[in-house]
Amino acid sequence: LIIVKLGGSVLTDKTKPFTIRYATLMNLISDIRKYINETKNAMIIVLGGGSFGHFIVSKCIEDKGFIDEYCASLTSNVMNELALHISRLFNISGLSTMVFTTHSIFTYDNYELKGDTKIINHYLKQQIVPILYGDVILYKGRFKVLSGDEISWYLASILNADKLIFVTDVDGVYDRHPRYPNARHLPLISLSKDLNKIRIETRGYDVTGGIIGKLKIGLRYHRGFEVLIINGLIKGNLYKALIGEKIKATKVIP
Ligand code: IPE
């Protein structure tokens, strides 16, 4: 089983509300189709919020200070629509994807995230590729953003995935924001040892903490499966990562 998180930074232009990066998305879809056709491996795809989910949530927090029921409804519907749209593009390429309404699969049970993986498993067995997405879910009577990153880590951990790939707009983790010329690329990062080595701020609309957030969540879920952070803007990179060919990326170990 492979979990692929398609980050909001590759799916969308994070600085412009509701903008899909179609050329990139079509390349990613074609890499996934090629890989699944060749291997018949099971895969779950998780979508980030990018300038869809993050934009709406940022606005609500700016206006009201929290996510009220209207904002939750809007965020959830916009993300569901984005997921359906992307799922249809997968269909057109010939793949059997199906969107799972994420807030009806995940809940919090005493502070702990719980997901109904049984239902996902049933569909995986029938060669369906489930698509989930960063969503708004209830947490102690309040709405909270559940990031696609956390969903991905959770599923990889609970379902014993072989590989978890985070597709982003950079070649993995740098010791500082890659726009600085002296930023150093880190090919390997240990969650327990190296988290203090990086200082990165995120661009555009992001309410879930960018790359550091992604790594910190991993502390809770990493069980030793293979984890890669790759650049999805480079054509063919995702396919290479899927088949295990070497590319410039960051490998994340516990
Ligand atoms: C956020 O998901 C989802 C919402 C804001 C509703 P992510 O945090 O995984 O999204 P990206 O990949 O950073 O855009």
Side-chain angles (χ1 to χ4, degrees), residues 3-21 24-25 28 44-64 66-86 99-106 108 113 115 130-139 142-156 164-170 172-173 177 200-218 220-221 227-233 238 252:
I3 315 278
V4 175
K5 155 84 194 292
L6 298 178
S9 61
V10 272
L11 291 176
T12 73
D13 180 343
K14 272 187 124 161
T15 62
K16 291 197 199 104
F18 309 115
T19 316
I20 295 180
R21 298 173 99 153
T24 304
L25 175 59
L28 297 170
I44 300 175
I45 295 168
V46 183
L47 309 176
S51 65
F52 287 74
H54 282 294
F55 172 71
I56 296 177
V57 173
S58 306
K59 273 260 160 294
C60 300
I61 293 180
E62 226 177 270
D63 295 350
K64 298 174 182 148
F66 70 111
I67 304 172
D68 67 358
E69 67 282 3
Y70 182 73
C71 172
S73 160
L74 206 58
T75 310
S76 162
N77 288 337
V78 161
M79 285 307 298
N80 193 255
E81 211 167 65
L82 173 69
L84 277 176
H85 179 60
I86 291 177
V99 174
F100 284 73
T101 310
T102 304
H103 61 264
S104 39
I105 294 218
F106 284 92
Y108 277 96
L113 185 65
I131 296 185
L132 289 95
Y133 49 88
D135 201 352
V136 165
I137 70 167
L138 267 177
Y139 175 75
R142 289 247 180 181
F143 295 103
K144 171 182 151 75
V145 172
L146 172 62
S147 74
D149 288 341
E150 183 153 10
I151 297 167
S152 306
W153 278 111
Y154 178 91
L155 292 175
L164 165 59
I165 301 177
F166 289 102
V167 184
T168 69
D169 62 344
V170 286
V173 185
H177 198 287
I200 291 198
E201 75 279 22
T202 54
R203 270 175 308 167
Y205 304 103
D206 195 320
V207 292
T208 54
I211 221 151
I212 300 268
K214 187 188 307 297
L215 294 171
K216 275 196 184 140
I217 296 165
R220 257 179 283 153
Y221 295 110
V227 182
L228 286 174
I229 303 177
I230 71 161
N231 190 340
L233 299 181
L238 176 56
V252 183

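Heads up: numbering here begins at 1 and tracks the sequence. Note that ligands are numbered from 1 as they come in the structure, with each ligand's atoms numbered from 1 the same way.
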* May I ask you to decide if Glu69's main-chain N or O and Ser73's side chain share a donor-acceptor pair within less than 3.5 Å? => no

* Can you list the ligand 1 atoms lying under 4.0 Å from a non-hydrogen atom of Asp149? -> 9 (O)

* **Sub-4.0 Å atoms of ligand 1 with respect to non-hydrogen atoms of Gly50** => 14 (O)

* To do: Examine distances only and state if a side-chain atom of Thr102 and a backbone atom of Phe100 form a donor-acceptor pair shorter than 3.5 Å.
  => yes

* Structure fact -> Taking only non-hydrogen atoms of Thr75 and a 4.0 Å limit, the atoms of ligand 1 in range are 6 (C)

* Taking atom CZ of Arg142 as the centre, report whether more than 12 heavy atoms of other residues, nucleotides or ligands fall under 6.0 Å from it. => no

* To do: Identify the two heavy atoms, one from Val57 and one from Ile67, that lie closest to each other, and give their separation to 0.1 Å.
  => CG1-CD1, 4.0 Å

* Asked: Does an N or O from Gly8, backbone or side chain, lie closer than 3.5 Å to an N or O of ligand 1?
  -> yes

* Mind checking whether Thr12 contacts ligand 1 via backbone (N, CA, C, O), side chain (CB onward), both or neither, at a 4.0 Å heavy-atom cut-off? => neither

* Quick one: does Ser51's side chain have a donor or acceptor within less than 3.5 Å of a partner on Lys16's backbone? -> yes

* To do: State, yes or no, whether a side-chain contact exists between Thr168 and Lys214 at a heavy-atom distance under 4.5 Å.
  => yes

* To do: Assess whether atom NZ of Lys216 is packed by more than 12 heavy atoms of other residues, nucleotides or ligands within 6.0 Å.
  => no

* Lys14 near ligand 1 by a heavy-atom separation under 4.0 Å -> yes

* Structure fact -> A student checking ligand 1 against Gly148 at a 4.0 Å heavy-atom cut-off should list atoms 2 (O), 7 (P), 9 (O)

* Please could you name the atoms of ligand 1 that Gly7 approaches to less than 4.0 Å, counting only its heavy atoms? => 12 (O)

* Any Lys5 heavy atom less than 4.0 Å from ligand 1 -> yes

* Numbering as shown, the atoms of ligand 1 that approach Gly53 to under 4.0 Å (heavy-atom distance) -> 5 (C), 6 (C)

